[in-house]
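Here's the structure we're looking at; comments come further down.
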Amino acid sequence: MKQSHQAILWTTAVMLLRAPLRLVLFGLLPEGADAAVQDIVLIAVQLLLWGIPLVAMRPSCGKEEPRPSALLIVPVGFALQYTMMIVCQWFSQLLQLEQTPFLPPETPLGWAMSILCRVIVPAALEELFFRGMLYGSIRRDYGEGSAFVISSAVFALCHGSLAGLPAHIMFALVLGWCMMSTGNIWLCILLHLAINGAAVIFSLMPMEFSHPVALLACAVLALWPVLQAMENRPRPSLYLKAEPLLLALPVVLVCAAAYFV
């Protein structure tokens with residue numbers, strides 16, 4: 001069996017098991033469990049779901065040497081998160097959707113668990129899973145165009161939040177482009193960390209204080225592709241093949257079904 005087929009099967013299994021695993025582990029918690037304890041359970045869920053396939057597949061992740069545009073990775077993450085928070089506010093108001101607010105922890109342990117659960121662990125494991133295992137194996141067998149489309153589609157849909165869907169689609173495309181254009185998984189992890197960290201920081205800031213950042217955010221987002229173009233990188237190919245798209249269709253449908261359940 002091709003490595004890409006194994007990766008797609010693992011991805012399908014993970015998407016099917018996510019909800020049952022969370023129900024089982026949270027069902028073991030006593031009623032009224034502390035938020036830090038709930039975050040520990042969420043970390044355990046992430047380690048099991050993303051970690052087991054990574055150990056089984058042992059993906060060979062891209063480690064190309066960073067170029068000057070990599071210096072903008074963290075500002076790009078903050079600018080992207082800020083921009084998409086505004087877009088998601090408009091989207092939620094248009095469809096009358098409720099957004100789940102971030103509730104700041106009350107203790108140092110709570111903050112530590114919250115940062116691990118919402119910023120560090122998902123950034124590292126999701127990038128190794130989606131851009132390392134899934135993208136890398138499909139790229140090896142079918143080319144980077146199919147790898148980009150499949151890994152981005154599954155990543156965008158797997159979060160299951162309709163209010164956050166515009167942001168997750170954009171994050172999926174930018175993270176996929178980062179992997180395709182740089183070939184460096186560590187830059188993708190750094191970008192994902194910046195996006196997640198910015199979400200926590202901006203959620204604690206009053207929006208009237210955040211508005212002056214908008215112009216700077218747009219400038220940073222515009223500057224990043226310009227710098228990449230000046231580095232004379234090989235142009236990524238977006239040529240698609242039918243076979244991997246058909247193989248990945250079930251897992252995409254499983255992720256999409258979460259929005260209707």
Between F148 and L173, is a side chain to side chain contact (heavy atoms under 4.5 Å, CB included) present by the stated rule, with each step listed?
-> CA-CA 8 Å; F148 172 79; L173 294 175; 3.9 Å; yes
Tell me, do T11 and F129 make a side-chain contact under 4.5 Å, heavy atoms counted?
-> yes
Measure the shortest side-chain to side-chain distance between V74 and F78 over non-hydrogen atoms and say whether it is less than 4.5 angstrom.
->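 Heavy-atom side-chain distance check passes, below 4.5 Å.
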Can you see which heavy atom on [X] is nearest to which on [Y], and at what distance?
X	Y	result
L128	P59	O-CG, 4.4 Å
Q38	A33	NE2-O, 3.0 Å
V14	L49	CG2-O, 3.3 Å
I73	W224	CD1-CZ2, 3.9 Å
C255	V154	SG-CG1, 4.0 Å
A56	W10	CB-CZ2, 3.5 Å

Between L71 and M179, is there a shared hydrophobic cluster once you connect ILVMFWY residues whose side-chain heavy atoms come closer than 4.5 Å?
-> no
Under the side chain to side chain contact (heavy atoms under 4.5 Å, CB included) criterion, do H192 and L175 qualify, and how do the steps go?
-> CA-CA 7 Å; H192 201 150; L175 287 164; 4.0 Å; yes
Report yes or no: does R118 contribute a side-chain atom to a donor-acceptor pair with the main-chain N or O of A199 at less than 3.5 Å?
->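 Answer holds: no.
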Backbone of V200 reached by a side-chain donor or acceptor of S203 within 3.5 Å =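 A pair under 3.5 Å: yes.
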Which of these passes side chain to side chain contact (heavy atoms under 4.5 Å, CB included) with L116: I43, D39, I40, L42?
-> I43
Result for side chain to side chain contact (heavy atoms under 4.5 Å, CB included) between N196 and one of V119, V121, I201 points to V119
Could you go step by step and tell me if E126 and C158 meet the side chain to side chain contact (heavy atoms under 4.5 Å, CB included) rule?
-> CA-CA 11 Å; E126 289 178 11; C158 78; over 6 Å; no
F130 vs F155 aromatic rings, parallel, tilted or perpendicular, using cut-offs 30° and 60°?
->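 Correct class here is perpendicular.
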Ring centres under 6.0 angstrom apart (F171, H159) =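 Here the rings of H159 and F171 have centres that are no less than 6.0 Å from each other.
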Residues sharing M1's hydrophobic cluster, by side-chain heavy-atom contacts under 4.5 Å among ILVMFWY, directly or via others?
->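 Reading the cluster by chain and number, M1 sits alongside L9.
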